Every structure is written in C-alpha cells, then in structure tokens.
Amino acid sequence: MQYTSTRDKSVRVTASQAILQGLSKEGGLFVPCEFPKLSVSLEQLADMDYRETAYTVMKDFLSDFTEEELKKCIDGAYDDKFDTDEIAPIADADGVYYLELFHGKTIAFKDMALSILPHLLTTAAKKNNSDKEIVILTATSGDTGKAALAGFADVKGTRIIVFYPKGGVSKVQERQMVTQKEKNTEVVGVKGNFDDCQSKVKELFGDEELKARMAERGFQFSSANSINIGRLVPQIVYYVYAYGKLLKEGRIRAGEMINICVPTGNFGNILAAYYAKKMGLPVNMLICASNENRVLFDFFKKGEYDRNREFILTDSPSMDILISSNLERLIYLAVGSDSDKTAKLMNELKTGGKYSISDVFDGIRKEFTGEFASMADCADKIHRLYGELGYVIDTHTAVAGAAYDKYLKETGDNTKTIIASTASPYKFARAVMKAIDAKYADTEDFELIDILSKVSKTDVPKAVSEIRTAPVVHDKVVEISEMKKVVEDNLGL
Ligand SMILES: *Cc1c(COP(=O)(O)O)cnc(C)c1O
C-alpha cells in the first residue's frame, strides 16, 4: 500500500513515511492510492474483539509494518488505559446507537487514535532509520491537546508542544493540559482562536529555514493532528467494530445498511467512517453534524465552502472550527483523485477563503448530508435524553443527537443509526448540568462534577478526579506571532 498526496500525484510514500512526515512537502495530505477491501466477512467481524478488529483493519493500510510490529502497537494502545474491555461500548438510547468513544485516558474520542499514534510513530522512525528526536507540534481546540500529551508523555525520542486558544476551551480541558507534568511536554495558550493556532502550526511545518536549523540539531517535526494518516486509520476501526457488535447482538442483519452521524469539526472522525464505507462496510448515509459554526452544513447544502464568516464560541468547543482540514481528502476523492484540481481549490481557500465544487456535488450528496444544531437545540437534547432515559451525553454528542433528530424529521429515513459519542459529559460538566437544570448555571465547575456523578449515577472518571488538585505546570500565554519563538526556545535553537 502506497500513499500519495492530495496536491501532487507524483508523490509516493509508504505508510510509515506518511506517518513520520505528517503532511506532504507541498502542503497536501497523504491519501491511500487505493482502498483495501475488508479481508474478513461481516460474520467473522462479529466475533472479533477490539484488538483483533484493529489488526484486521489496520494491517492493509499500514502494509509496511510487520505483523509483530503492528500487533505490538495495538496491544500497547488498547489496554487497561481504557476503563472497559470493550474499548468502545455501544449504548442503545432513544432508537439510536451511541458509540461511546470516550473510555480512554482523557475521556474524549481523540484517545482512540492518540493512544496508538506514539507507538506507530516511534515504530515508523525505527523502520526508516531516523535517529532524530521527533518534535510533535499540535494545535488543539481542546481535546487533541490532552490526548496527545497523555500519549507522548515520557515516550523516548519524542517531545511535544501543544498550542491551545486561550479562553476557547473548557475549564476541565484547560486544566487537564496545563497540569501535564512530564519533562518532554510543553503547553502554551495563544491569544487567538483555533484556526489561528492551526494555521500557524501548518506554517511552521512548512518553514524550510526552521526545519533546516532543527535538522542540524537532530530534531524533526511530526504532527499529531488529525491530518496525520496515523490518526485517521485507527479511527476507521471503531466503525467496523461497532458494526460487528450490532450484528453479534442481533440488532442488524449481515449486510444491512446503517447510517452514521458524527459531530464534526476538522472532518477527521466522519472521514474515517467514510473510509470504512470504502472498505466495504454497509453504510448508507453519513450525517455530518455541525454546531453554530456551520460551515460544513452550508457546504453540504450548496456545494460551496466559505470560511468568510464570524467565528462563534459555542458549548462544543472541540468543533469550533471554520477550516475543516480533512475535508480536503473527501474533495480529492470527489474530483476523481485529481491532485491538480484539489490543489487549485485549496489555493482558492487559502487566498479567498472559499471554493465551489458544483460539478461534482451531486456525487457527494448521495453519500453525505449536513445538519446543524444550535446551542439551544443541544441543551434541549441533553435535557430530554436525561429526563426520558436518565442517559447523559456531552455537548458535542448532543450536536449530533439534535442534528440527527432534524434529519429524521426531514427525511423519514429510519435506517438504523450509529451516533459517534465523542466525549464524556464530565469534560463539559458546566454546560451539561446547565442543560439538565438551569439552577446550576452559577455553580462552581468542580462542584458540578460531583452533582453530575449523582444525577447520572456514574463514577467520576479518573481523568477528572486526578486534575482537581494537580499543580499547574504550564502558564505561558503568547501572541500568535510568538509561536515560532516558543518552538525555538523549547528546542534551544
Ligand atoms: C475533536 C472532537 C470532535 C470533532 O472531530 P473531528 O474529527 O475534528 O471532526 C467532536 N467532538 C469532540 C469531543 C472532539 O474532541
């Protein structure tokens, strides 16, 4: 299996090289040259546990990893760091299946991929005889940062610098990050929004002069952002796994089509569901759920992507994004793997902030649809689901839940549906408790966590209890223009 770039068809790299590099030289994203088909039957899938499913799905994408190497990565990632053997359990609520992706170390779905990425990356470095220290540079809208910090903490031969929008993440998210104590970690607040952070990080990745100075000192950049194929591939696994589980429990028939609804920001998670479909998983509609930053909703309605709009801070901060990087991979497939055309569109996005794909839009609309939910819609969804079933979902999952309700009402499509449940409600206790009962609007954040534990009859996750008293280690806040200097200082350049 070879990978090429969405912006240059002459690029050919192996999986391990793609993981190591993160982003292709000319700024394109690595994509598989072809999609492998699932190598087992759906019935066989039904009998596999998470690790077996992970190996089955990933081996064909990461074909230059040996069986031993890949299994070691998988075993090192999906172990008792997760609070359940199932790794990704399914909750049946209100006629849909909530696929709970938040049972890892930092209680957000980012753990699903970031638990394994450090293993994949260090294995990839060994395979390519790279003796350079790997520098992970990450922009986060809140959840990636902590999941990446937890994944890379104390991993030999790596260091990690995380930039987050100061004031743009939840209290628990910020506290989780700034208390990360391992020596190879640095966390910095930025006076800007997530898109500012991400754009600057991308710029630094492309800074040849900086990279040359780093190479002299034995450093090399890599990315833990969802543009890395080493994050995307592990995310395909849980959709395949969920299908197997539903089949095993007799909730669907083998071959029965399902819909998948995903609360979307950078378009990584839903793209993984699409990749699962490309492998042969019986998927009907992919429902892309947006919050009030509804740039993707508008895109799926009109075939025009237009980021020229106000950036809105919502209760689902991990989805507060106007430039959904992974959409480029869908566009690339939609235009028939034409890298020149993709490069042209992405250049239009960079210069004018928008592009239109009217000529291939009908094809996309057959497989994807967009819905959006306002903060009020989400609060209402959380309130109702709790009131009717005692099931508590977080604010991001609520975007998907509310968006799905709209979809169902508009289309009457009663295909069985999986909703990706992307974070534990404990991570967003303030907004969640306020939705459950307005009287909690002014209660202190950590007090709300105890109340949430009582009303949801669940234990406070370790990820939350351990940060209550942990000392703050990182308190740096910088301007966007100072981000480069942060990197230089960290590396002693
Ligand atoms: C990152 C994140 C999302 C968005 O996922 P993308 O892959 O960026 O679309 C949704 N919900 C939560 C809780 C997240 O952390």
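Position 1 is the first residue of the sequence; numbering continues from there. Being a predicted model, the structure only gives us computed values, none of them experimental. Numbering of ligands and ligand atoms starts at 1, following listing order.
- In summary, Arg384 and Asp405 engage in a salt bridge, as defined by a charged side-chain N under 4.0 Å from a carboxylate O.
- A side-chain donor from one of Asn266 and Gln198 sits under 3.5 Å from a side-chain acceptor of the other.
- Using a 4.5 Å heavy-atom cutoff, the side chains of Arg309 and Arg294 are in contact.
- By the 6.0 Å contact criterion, NZ on Lys434 is open, its count of non-hydrogen atoms from other residues, nucleotides or ligands being 12 or less.
- Sorted by chain and number, the heavy-atom contacts of ligand 1 below 4.0 Å come from Phe109, Lys110, Asp143, Pro263, Thr264, Gly265, Asn266, Phe267, Gly268, Asn269, Ser318, Met319, His396, Thr422, Ala423.
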Task: Steps toward ring pair (Phe, Tyr, Trp, His ring centres under 6.0 Å) verdict (Phe102, Phe109) - done: CA-CA 5 Å; Phe102 55 78; Phe109 98 94; over 10 Å; no

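- In this structure, the side chain to side chain donor-acceptor pair (under 3.5 Å) partners of Thr6, at least two apart in sequence or on a different chain, are Glu328.
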